[in-house]
There are 2 protein chains.
Amino acid sequence: MITRNAQSGGTARSVNDPTAKGKGPPANDGTAAIRTAAPTSRTEAVQDALRQAIMEQKLQPGARLPEDAIGETFGTSRTIAREALGRLAVEGLVELKPNKGAYVANPSLEEALDTFMVRRGLECTVTGLLAGKLKPGEIDALNCFIEKEHSVSGVDDRESIRLAGAFHLLLARMTGNQLLIRYVTEVVSRCSLILAMYGRPHSADCGVDEHRQIVQALVNGDASRANELMDHHLASVAGRAMLEARQERDIRDLLAPYAARIKGL
Amino acid sequence: MITRNAQSGGTARSVNDPTAKGKGPPANDGTAAIRTAAPTSRTEAVQDALRQAIMEQKLQPGARLPEDAIGETFGTSRTIAREALGRLAVEGLVELKPNKGAYVANPSLEEALDTFMVRRGLECTVTGLLAGKLKPGEIDALNCFIEKEHSVSGVDDRESIRLAGAFHLLLARMTGNQLLIRYVTEVVSRCSLILAMYGRPHSADCGVDEHRQIVQALVNGDASRANELMDHHLASVAGRAMLEARQERDIRDLLAPYAARIKGL
DNA sequence: CGTGACTATTTTGCATGCAATTAAAGTGAC
DNA sequence: GTCACTTTAATTGCATGCAAAATAGTCACG
């Protein structure tokens, strides 16, 4: 009925920029995205866009994600949307209910704690691999990054969360361990979602100083201290976020479906 | 031209048992599979079957996995095969080359070491969560499992590797942490593939006793000792496997494509 | 006899169409 | 007015078809 053009994909190219335009300059300082490399397939493009939309809370937790709507939005077929949703489900950002459809993940408190627990283990592996092995250029990059974190601290909460995640990602990338990078990327995504859901305002602020200490310990080659700091850091981030979360969460849960219905999606 | 039946999927049911028949009784003691729950979709069924085939080395590392052939084998369309391959790629058992197709993963020595490194971190999280928290029934289950491991030790290498993996999986499941379970499942899959590729005969044998010690430490609630044991255990498994691997691997790499061509696949 | 270009075939990437499941609306009985 | 049932609409699950890319095969030419 739509008959967009011919049939095959050679022309429909509305994929490249649909949700990506919202932010500042595309300077790739690790700030921008989880994905570093340019998307190779359309599936990846849609996947990246959806991930960003979810993590920026443009798509509320619990919101429905119909294949049709997504495909149409991005100018692709349901096939692509479907596959992107499937992969995001693996990442834990999307929940896939059989025969019912895809929803933005709405992690329970328990799942949130599980995620942080796994994250602590992974990040200790990171610190273990990095302690005393950082090259001068890497140290500079980290310090520079922390500077940037400090500059937005207390100003833009959402940006703070994003940068905090990016910091941990940056560390993981320095290990060069591809699998570790993938896992840290995943848990950081999940944690960012969780913090955006459960976090109180300013909850991520005081993390900056802890980041500084961690880098210092890594530079000093003190692995166990870096581990300890990282562990404490993550535990405290989780703790700060969760403390007052219980009631608020219920309200949000209850409200989300109505909000989605009103907005029409 | 095939016109198998009508059109839709309501009837084509050759999915349920294609590669699964090769082994003993279907008693579900954790021996059988990575997947515990019955597959809900056809995609999952194919995915599980392929995973098993790969881990049993029925499909050699590096072998091509054409969508067509897989779909035909399992009595489904390429769509299903494609999606299953995609998910296995996420798990790291399949390598997906754009516009070229899917291949059974052929991890390099570096990737193998990366995997073991990540695994150590994850499994330490497992031991940390489990130390002193095991219920009597769980302890029994573990001891029973170790007994079984011991019985096949030195008899059936492939089975030993499988059981060793299943033991770690069993531990992970006892944490109840879904994400942790997923990650451990993945790394165990990968490590099983790696051990099957790189492992010398009997390389996994002496692991049984270490398993026993780990359980003992967990029962005693000695978290740090359990961690230490687990770490040492995994490092030694990795070490045993890798030691003589270098040359042999090159040969296998070179041979794999030819083997695949001869067998026609 | 080896090498390069051209063609044919295979295989992936993606879009679309049909059936089935599920959610919703509408209808009637109590 | 509420509950149960039937019907209808929306959406998923899956298969198939077409085009592009990659590979294999063929033939002319050096």
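Note on naming: letters A, B, ... go to the chains in the order of the sequence lines (proteins, then strands), and numbering restarts at 1 for each one. Just so it is clear, the model here is predicted, and its values are computed rather than measured.
In this structure, the nucleotide among D:dA15, D:dT11, C:dT11 sitting nearest to the side chain of B:R64 is C:dT11. Closest approach to the A:R78 side chain among C:dC14, C:dT12, C:dT16 is made by C:dT16 (side chain taken as heavy atoms from C-beta onward). Residue B:R42 has its side chain nearest to D:dC14 when only C:dG13, D:dC14, C:dC14 are considered. Of all nucleotides listed (D:dC14, D:dT12, C:dT12), C:dT12 comes nearest to the side chain of B:P66. Between C:dT12, D:dC14, D:dG13, one nucleotide has an atom nearer to the side chain of A:E67 than all others, and that is D:dG13. For B:S77, taking side-chain heavy atoms from C-beta onward, the closest of the listed nucleotides C:dT12, D:dC14, C:dA15 is D:dC14.
Protein atom CZ of A:F74 is 17 Å distant from nucleotide atom C1' of C:dC14, rounded to whole Å. Atom CG of A:L85 and atom C1' of D:dT12 are 12 Å apart (whole Å). Between the CD atom of B:E72 and the C1' atom of D:dA15 there is a distance of 14 Å, given to the nearest Å. Note: CG (A:L96) to C1' (D:dC14) measures 15 Å, nearest angstrom. Look at NZ on B:K97: it is 15 Å from C1' on C:dT11, rounded to the nearest Å. Between the CD1 atom of A:I70 and the P atom of D:dT12 there is a distance of 9 Å, rounded to whole Å.
Scored by the side chain to side chain contact (heavy atoms under 4.5 Å, CB included) test, A:E95 finds A:K97 as partners (sequence neighbours excluded). With sequence neighbours left out, B:T175 forms a side chain to side chain contact (heavy atoms under 4.5 Å, CB included) with B:V126, B:L129, B:L130, B:N177, B:L180, B:I181. B:E111 is linked by a side-chain hydrogen bond (donor to acceptor under 3.5 Å, both in side chains) to B:S108, counting only residues two or more places apart in sequence or in another chain. Considering only residues two or more places apart in sequence or on other chains, A:E83 meets the side-chain hydrogen bond (donor to acceptor under 3.5 Å, both in side chains) condition with A:R87. In terms of the ring-ring contact (aromatic ring centres under 6.0 Å, His included) criterion, residue partners of A:F167 (sequence neighbours excluded) are, by chain and number, A:H211.
Between B:R82 and C:dT12 there is no side-chain N or O to OP1 or OP2 distance below 4.0 Å.
In this structure, B:R51 contributes its side chain and B:S189 its backbone to no donor-acceptor pair below 3.5 Å.
Remark on DNA chain C: of its neighbouring residues B:D68 and B:T79, the 5'-side contact belongs to B:D68, judged by nearest-heavy-atom nucleotide.
A:E91 and A:Q47 form a side-chain donor-acceptor contact under 3.5 Å, judged by distance and modelled atom types alone.
Residues of residues 98-105 of chain A having a heavy atom closer than 4.0 Å to DNA chain C, listed by number: A:N99, A:K100.
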